[in-house]
Every structure is written in structure tokens, then in C-alpha cells.
2 protein chains.
Amino acid sequence: MPQKKSDLLQGTLDLLLLKTIAPGPMHGYGIAQRILLTSKEVLQVQQGSLYPALHRLERKGLITSKWKESESGRMAKYYSLTAAGKKQFSTELEHWRRYATAISLVLEA
Amino acid sequence: MPQKKSDLLQGTLDLLLLKTIAPGPMHGYGIAQRILLTSKEVLQVQQGSLYPALHRLERKGLITSKWKESESGRMAKYYSLTAAGKKQFSTELEHWRRYATAISLVLEA
DNA sequence: CTACACGTGTCGCTAAACTATATATGTAGA
DNA sequence: TCTACATATATAGTTTAGCGACACGTGTAG
């Protein structure tokens, strides 16, 4: 069961989204599900965080969207990474690693 | 050299502060220095983040302060953990570990 | 006398994430 | 049939953290 207070750390949501889209086009709902799954039910992305984040990334030109029929037969907006998005992803990944390492240094000191 | 855009992740600052104070009373300026040092110059806590955070923690009863002469001979405000602060620290540490692990799962998938 | 390290603090801003809500459809079960 | 739930997108309004830019004051080194 997902924890009540999921409280995403600011700045990591974009990274998570970018990473999840990377292998191929996905729609918002599916992205959230996949993150929940691969994080072993720890990371729960709220709709109120998810869709604004997706719109934000699209406005920045990091992802593009296209309406398509989903596996369940409904229409859904499929997002894919742009070239800029791929670049941004690797930058942010680097930043996360650097940051997480630094935190560990302080915490485990 | 510290990176320009240090951008602390929201929510981790309190944890860092609590951890740094844990071994014994420290003043704000010293805390920031120590974090910079132990993180190998990666984590730079800005004054505009540091002091409000310290006040916040004190208001919540997680730390207490006392004016004392510092090693340099000036007056400085020394903060120490309260019992509630210690408890909060272990809770937040747990949360961070759980969270960082989950992120890694998604990122390294 | 100037610059820098020490030390605390605030104001105003931005932006991220959350809660709650709205909308719409299909399907399973009582 | 009615209800509940999964699928799917979206926004309005709120909170709050962290940041940049200041302001204040002292002591010391050059």
C-alpha cells in the first residue's frame, strides 16, 4: 500500500517523468502508474502534480504530445521526449546523483 | 569550488540541519560551514534559507537556542536538538532513505 | 582605510506540489 | 438498475520552501 504522505521532493518529479517517457510514448495516467509500480508503491504522483508538470515540460519544449487511442480503447495524450528533453534528462540525472551523494555524505558522516 | 546553482531539494534542508546539530550545540553560521565541508563543497546553504529554517525548527520545538560566545570570541546563537527534534530527525532520515531508494529504482530501471 | 571573515536577520519573489474538484466513459458486481 | 471503480485529463486555489538581495554589526589583516 502506498504511503499516505508521499510528498515528492521538489525538482525530482520532472526527472521521474522524463525517465519514464524515455523508452517510448506514454500517456499521463500510464506514467503515474508506471512510477508507482517501479518504485514499489512508494512514489505516488498526484494528478494535481502530474498534469501541470506535463504541461510545464511541454511548454519548455522538452516533450511533445499527440492524442491517440490507448490500450483500453479511450483517447489519451501520448507524450514523447524531444531532443532537448533527452539532453535535459541527462543533465538532471547528473544533478540528482551529485546531490544525493552529497546528502549521503552529510547524513552518514 | 561550490557550484553556482546549488538548489537544495525542498524538504531536505531540515534533515541536514537536524543531523548537523545532533552531535552537539552549533550556531547557524557554523552549521552552514560544516554542511559545505562534509558535502565536499556541493551543498551550500544560503542565509536566506538557513535562518528562516532554523527559526521554523525552533518554533516547532525541534531545536532550542542559547546565546553564547563562539570560538572567535563573538556572540552567536547556539542551537541544540530537543527530544522531539531527535525523534523528528530519525523519522525524516527514514523518509529520506525510503524516498531516495524509490527514486533510484525508477531511475535505474 | 579597505577588504574580508564572522555572524544574524528580513523582505519579497518564484515556483513547485498538494487538495479538492470537475468532467467523461466503460465495466463489473450486487 | 444502480453503484462503485478504473481509466483519463484538467484546473483553481492554497501553502510553503528556498532563493536573491539586502541590512546590520564586529574584529582583524593588509
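Just so it is clear, the structure is predicted and the values come from calculations on it, not from any experiment. Because only heavy atoms are used, hydrogens play no part in the values below, and waters and symmetry mates are left out as well, while side chains stay in. The sequence lines fix the lettering, A, B, ..., with proteins before strands; numbering per chain opens at 1.
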If you define the side chain from C-beta out and look only at heavy atoms, does anything of B:V42 sit under 4.5 Å from A:I103?
no
Counting only side-chain nitrogens and oxygens, does A:Q46 get under 4.0 Å of the OP1 or OP2 atom of C:dA20?
no
Between C:dC18 (P) and A:L43 (CG): distance, integer Å:
10 Å
Euclidean distance, atom CZ of residue A:R34 to atom C1' of D:dA6 [Å, nearest integer]:
18 Å
Can you work out whether A:P52 or B:T12 has the more 5'-proximal nearest nucleotide on DNA chain D?
A:P52
Report the hydrophobic cluster partners of A:Y78, with the cluster defined as I, L, V, M, F, W, Y residues connected by side-chain heavy atoms closer than 4.5 angstrom, directly or transitively.
none
Take atom CD in A:E71; do more than 12 heavy atoms of anything else shown fall under 6.0 Å from it?
no
What integer distance in Å separates A:Q47:CD from D:dA10:C1'?
9 Å
Using a 4.0 Å heavy-atom cut-off across all strands, classify A:E69 as base, sugar-phosphate, or nothing.
nothing
Given atom CG of B:L17 and atom C1' of D:dG18, what is their separation to the nearest angstrom?
12 Å
Do B:Y99 side-chain atoms and A:L9 backbone N/O form a donor-acceptor pair below 3.5 Å?
yes
If I compare all heavy atoms of B:I21 with all of B:S80, which pair ends up nearest, and what's the gap?
CG2-CA, 3.6 Å
N or O in side chain of A:R56 less than 4.0 angstrom from C:dA15 OP1/OP2
no
A:S72 side-chain proximity, nearest of C:dG9, D:dA10, D:dT7:
D:dT7
Please report the distance, rounded to the nearest Å, between CG in B:L50 and P in D:dC19.
10 Å
Taking B:V45's backbone N and O only, do any of them form a donor-acceptor pair with B:S49's side chain (distance below 3.5 Å, no angle check)?
no
Consider the side chain of B:L8, meaning its heavy atoms from C-beta on, and name the nucleotide among D:dG18, D:dA8, C:dT8 that approaches it most closely.
D:dG18
Of the listed D:dG18, C:dA17, D:dT9, the closest approach to the A:Q10 side chain comes from C:dA17
If you check the B:D14 side chain, which of D:dA6, C:dA5, D:dG18 turns out closest?
D:dG18
Across the strands shown, which category fits B:G28 at heavy-atom distances under 4.0 angstrom: base, sugar-phosphate, nothing?
sugar-phosphate
Of the candidate nucleotides C:dC6, C:dT10, D:dT9, which contains the atom at the shortest distance from the side chain of A:K77?
D:dT9
Which one, C:dG9, D:dA8, C:dC6, comes nearest to the side chain of B:H55?
C:dG9
Please report the distance, rounded to the nearest Å, between NZ in A:K60 and C1' in C:dT14.
12 Å
Round to the nearest Å and state the distance from A:R74 atom CZ to C:dT25 atom P.
10 Å
Nearest heavy atoms of A:G28 and A:L50, plus distance in Å
O-CD2, 3.5 Å
Which nucleotide, D:dA17, C:dG7, D:dC19, lies nearest any side-chain atom of B:S70?
C:dG7
What's the closest nucleotide to the A:W67 side chain, out of D:dA10, C:dA17, C:dT8?
D:dA10
Taken to the nearest 0.5 Å, the spacing of A:E92 CD from A:T12 OG1 works out to 9.5 Å
Which nucleotide in the list D:dA10, D:dC19, C:dG7 gets nearest to the side chain of B:H27?
C:dG7
DNA chain C: stems of at least 3 consecutive Watson-Crick or G-U pairs whose donor-acceptor distances fall under 3.5 Å
C:1-30 with D:1-30
Regarding A:E71, tell me which of base, sugar-phosphate or nothing describes its non-hydrogen contacts under 4.0 Å with the strands shown.
nothing
In terms of the angle between their ring planes, are B:Y29 and B:H27 parallel, tilted or perpendicular, with boundaries placed at 30° and 60°?
parallel
How would you label the contact of A:G30 with the nucleic acid (heavy atoms, under 4.0 Å): base, sugar-phosphate, or nothing?
nothing
In whole angstroms, how far is the P atom of C:dT8 from the CD1 atom of B:I63?
12 Å
Side chain of A:S49 only, please: which of C:dG9, C:dA17, D:dC19 is the nearest?
C:dA17
